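These numbers come from a predicted model, not from an experiment.
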Amino acid sequence: MEYHTGRLIDHVHLVVKDLDASKRFYKAAISAVKPDVRINESDRHLQIDELYISQGEPLSHIHLSFQAKDRDAVTAFYDAAMAAGGRDNGAPGERDYHPGYYGAFVYDPDGNNIEATFHGPSTRSAEAVVITAT
């Protein structure tokens, strides 16, 4: 079976109520699954790869899943997210979505359903899409 990820989304913009709380939550949760991502922030935003977060109205309400390299990274995500103010929405475990699906779900400070997912052993065609301006 072949899965295609990382090709459709250019960026996701979350609008949150408390930017400082969201910064704590997302920096902790994402660092647990992707410690090598680039973080760019100011007093008005937080950007981590394709995820852009700012404060305002109306608030976003989405389900978002981060790719984890293995089951340990899913558990690390869950633990870090809970410690950084998340609320449980499904502890790490196998899901029946497809064979090998292992995930954990946490609500962020604004109630968005945030997940870390491991789809089982696989080979990627590339680690990342690299775009260079011409």
Could you give all pairs that pass the salt bridge (charged side-chain N to carboxylate O under 4.0 Å, His left out) test and reach [range], with sequence neighbours left out?
{"range": "residues 26-40", "result": "K27-E41"}
{"range": "residues 77-92", "result": "none"}
{"range": "residues 93-105", "result": "R71-E94"}
{"range": "residues 46-68", "result": "none"}

Validation: residues 58-65 side-chain donor-acceptor distances under 3.5 Å, sequence neighbours left out:
| unit_1 | atom_1 | unit_2 | atom_2 | d |
| --- | --- | --- | --- | --- |
| S60 | OG | V15 | N | 2.8 |
| H63 | ND1 | N113 | O | 3.3 |
| H63 | ND1 | N113 | ND2 | 2.8 |
| H63 | NE2 | E115 | OE1 | 2.9 |
| S65 | OG | T117 | OG1 | 2.4 |

Linked, directly or transitively: F105 and V12 (ILVMFWY side chains, under 4.5 Å): no

[X] [atom1] to [Y] [atom2] distance, which is reported to the nearest 0.5 Å:
{"X": "D18", "Y": "K23", "atom1": "CG", "atom2": "NZ", "value": "10.5 Å"}
{"X": "N89", "Y": "Y107", "atom1": "CG", "atom2": "OH", "value": "3.5 Å"}
{"X": "I48", "Y": "I53", "atom1": "CD1", "atom2": "CD1", "value": "6.0 Å"}
{"X": "L51", "Y": "I30", "atom1": "CG", "atom2": "CD1", "value": "5.0 Å"}

Heavy-atom pair of closest approach, residues G86 and V106: CA-CG1, 3.6 Å

Smallest separation among heavy atoms of A68 and V33, with atom names: CB-CG1, 4.1 Å

Test of understanding: with side chain to side chain donor-acceptor pair (under 3.5 Å), list the residues that count as partners of [X], not counting sequence neighbours.
{"X": "N112", "result": "D108"}
{"X": "S42", "result": "H45"}
{"X": "Y102", "result": "none"}

Stepwise side-chain contact (heavy atoms from CB on, under 4.5 Å) test for S22 and L46: CA-CA 9 Å; S22 290; L46 172 65; over 6 Å; no

For A83, all residues meeting side chain to side chain contact (heavy atoms under 4.5 Å, CB included), sequence neighbours excluded: none

With sequence neighbours excluded, residues passing side chain to side chain contact (heavy atoms under 4.5 Å, CB included) with A28: A80, A84

Heavy-atom side-chain proximity of Y26 to L14 below 4.5 angstrom: yes

Pairs meeting criterion ring pair (Phe, Tyr, Trp, His ring centres under 6.0 Å) with involvement of residues 70-97, two or more places apart: Y97-Y101

Any donor-acceptor N/O pair, Q47 side chain to N40 backbone, under 3.5 Å: no

Ring pair (Phe, Tyr, Trp, His ring centres under 6.0 Å) between Y52 and H13, intermediate numbers included: CA-CA 5 Å; Y52 185 89; H13 183 174; 4.9 Å; yes

